[in-house]
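Structure, as structure tokens:
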Amino acid sequence: MKITIVDYESGNLRSVIQALRFAQIDPTVSGKPDQILSADALILPGVGSGNAAMKALEQQKLVGAIREFIASGRPFMGICLGLQLLMEMTDEGGGVDCLGVIRGTVERLPSEYKVPHMGWNQVVINKEHKIMRGISSSAYFYFAHSYYSVPADPNLVLGTTSYGIDFCSILVRDNVFATQFHPEKSGSVGLQIYKNFVQNAIE
Amino acid sequence: MLAKRIIPCLDVDAGRVVKGISFVQLRDAGDPAELAAAYDREGADELVFLDITASSDSRETMISVVEKVSEKVFIPLTVGGGIRTVDDIRKILRAGADKVSVNTAAVLNPCLVKEGAGRFGNQCMVVAIDAKAVVSAQKSGVLNDLALDENSAWEVYTHGGRNSTNIDVVKWAAKVEELGAGEILLTSMDKDGHQQGYDIELIRTVSEQVSIPVIASGGAGNLDHLYQAFELGKADAVLAASIFHFGTYSIEKAKQFLDARGVVIRR
């Protein structure tokens, strides 16, 4: 089982690596297209601005590789910015094209509340899914973001979180699973997601 | 709903946690990773590690501390103390920290906040502000848009509270938000170490001034002080050292206390 974490110099990868080790997997960390395409499962982490992240992915020629991987149907997990980047475009940085894997946009959180949305908030799970096995609805997860994803198809929203608005905090479509929160920073409930993702990839 | 956070702060000197840690039955109470894991088990929402090592090779020591902690602990980790360059930030984040806290370096070089936020995101740039109440006689000095004026109530201090700056805390808080800080860690030097409660006026004034989260620090001596920081001070999180380290209260007990008073916390 080869699980690759996409490395594009984006913040704290080590916690993602450790979370996978906790789930009994020693991941490959790579910023090379061939390592991405040869993986059995792929994780796209990400913090920071969507603008800078897309630039980095383009520079490392990873845009095509990530799209191709997802199209192949193998298990994919996006984390935080890794969810937003799946959309067609983000408002961040004045409007930037993203990976366009999922139809939808990325918008800034409303300003009545403090932004970034930083800390532990609840995720209401809308329907059953194997990756959320063992996790109850309304469990707390750790968030740190200023933008949120708006998928055009509301049926793709698996989890919702409330912060001034109700936004999509978990998205699922076929082999694609992505969270706005950081499961690797969300204690035992977050580690359960990694275990479930690994289990699902093995099956 | 977004929960209010309780954040223990651990001082690290040459790779070891200092200050008394009497509450947990640990094999090695000075081991940062073991202590961090104990706080995680107790329900801490985040951890702050403050590097108080004076020597110049402390960076490498701190990086190895962060690496070890991130193997065991899966809650957010902030590291502060001696971070001066974008490369320092990059190394600490790569080691497993989620945020860095900058204080003196931000005052000396505000661009650091801007560059760090641009490169790694606002969410990982915490600006720590050490605030001290202004005595009217001190109001003088350089005139610029951040300088103290007749309305200033608190002054920014740097270098671990040793140096005054003539900078107004409220103006500086607004400035660091503009530069891209994702959070402000606000310490009252007047209250710090006294365990008589946070400087509520300071916390509330800054929290209402900025639209980024504010972590209250300095002065917690009992659980009611935590409640006051949230309820009256409008803090988004509280940082505390002594009350947890010395075993006076557990995180769990603090959370029960706050929950019973209607504060939204993660249980």
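Sequence lines set the chain letters: A, B, ... in the order given, protein chains first and strands last, and positions in each chain run from 1.
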Examine whether an atom of B/R266 lies under 4.5 Å from a heavy atom of chain A, and if so say whether it belongs to the side chain, the backbone or both; otherwise answer neither. both
Whatever's closer than 4.5 Å to a heavy atom in chain A on B/I89 counts as neither
With a 4.5 angstrom heavy-atom cut-off, which part of A/D7 approaches chain B: side chain, backbone, both or neither? side chain
Ignoring hydrogens and geometry, is there a side-chain-to-backbone donor-acceptor pair from A/W120 to B/D45 under 3.5 Å? yes
Mind ranking A/H182, A/E184, A/R21, A/H145 by heavy-atom pairs under 4.5 Å with chain B and telling me who comes out on top? A/E184
Check each atom of B/D40 against the heavy atoms of chain A and say whether the ones under 4.5 Å are side chain, backbone, both or neither. neither
Using heavy-atom distances under 4.5 Å, tell me whether B/K99 contacts chain A through its side chain, its backbone, both, or neither. side chain
When the 4.5 angstrom heavy-atom criterion is applied to B/V66 and chain A, the contacting part is neither
A/V47 versus B/C124: any side-chain heavy-atom pair under 4.5 Å? no
Under 4.5 Å from a heavy atom of chain A, the part of B/E67 involved: both
Taking everything shown except A/E203 itself, do over 12 heavy atoms lie less than 6.0 Å from its CD? yes
Please say which of B/V73, B/D98, B/I75 ends up in a side-chain contact (heavy atoms from CB on, under 4.5 Å) with A/K185. B/D98
Checking heavy atoms, do the side chain of A/S186, its backbone, both or neither come under 4.5 Å from chain B? backbone
Between A/Y140 and B/M1, the two heavy atoms sitting closest are CE2-O, 3.5 Å
Please flag which part of A/F22 lies under 4.5 Å from any non-hydrogen atom of chain B: side chain, backbone, both or neither. side chain
Under a 4.5 Å heavy-atom cut-off, does chain B meet the side chain of A/L191, its backbone, both or neither? side chain
Can you tell which part of B/A95 gets under 4.5 Å to a heavy atom of chain A, answering side chain, backbone, both or neither? backbone
Side-chain contact test, heavy atoms from C-beta onward, threshold under 4.5 Å: evaluate it for A/S111 versus B/S211 and give yes or no. no
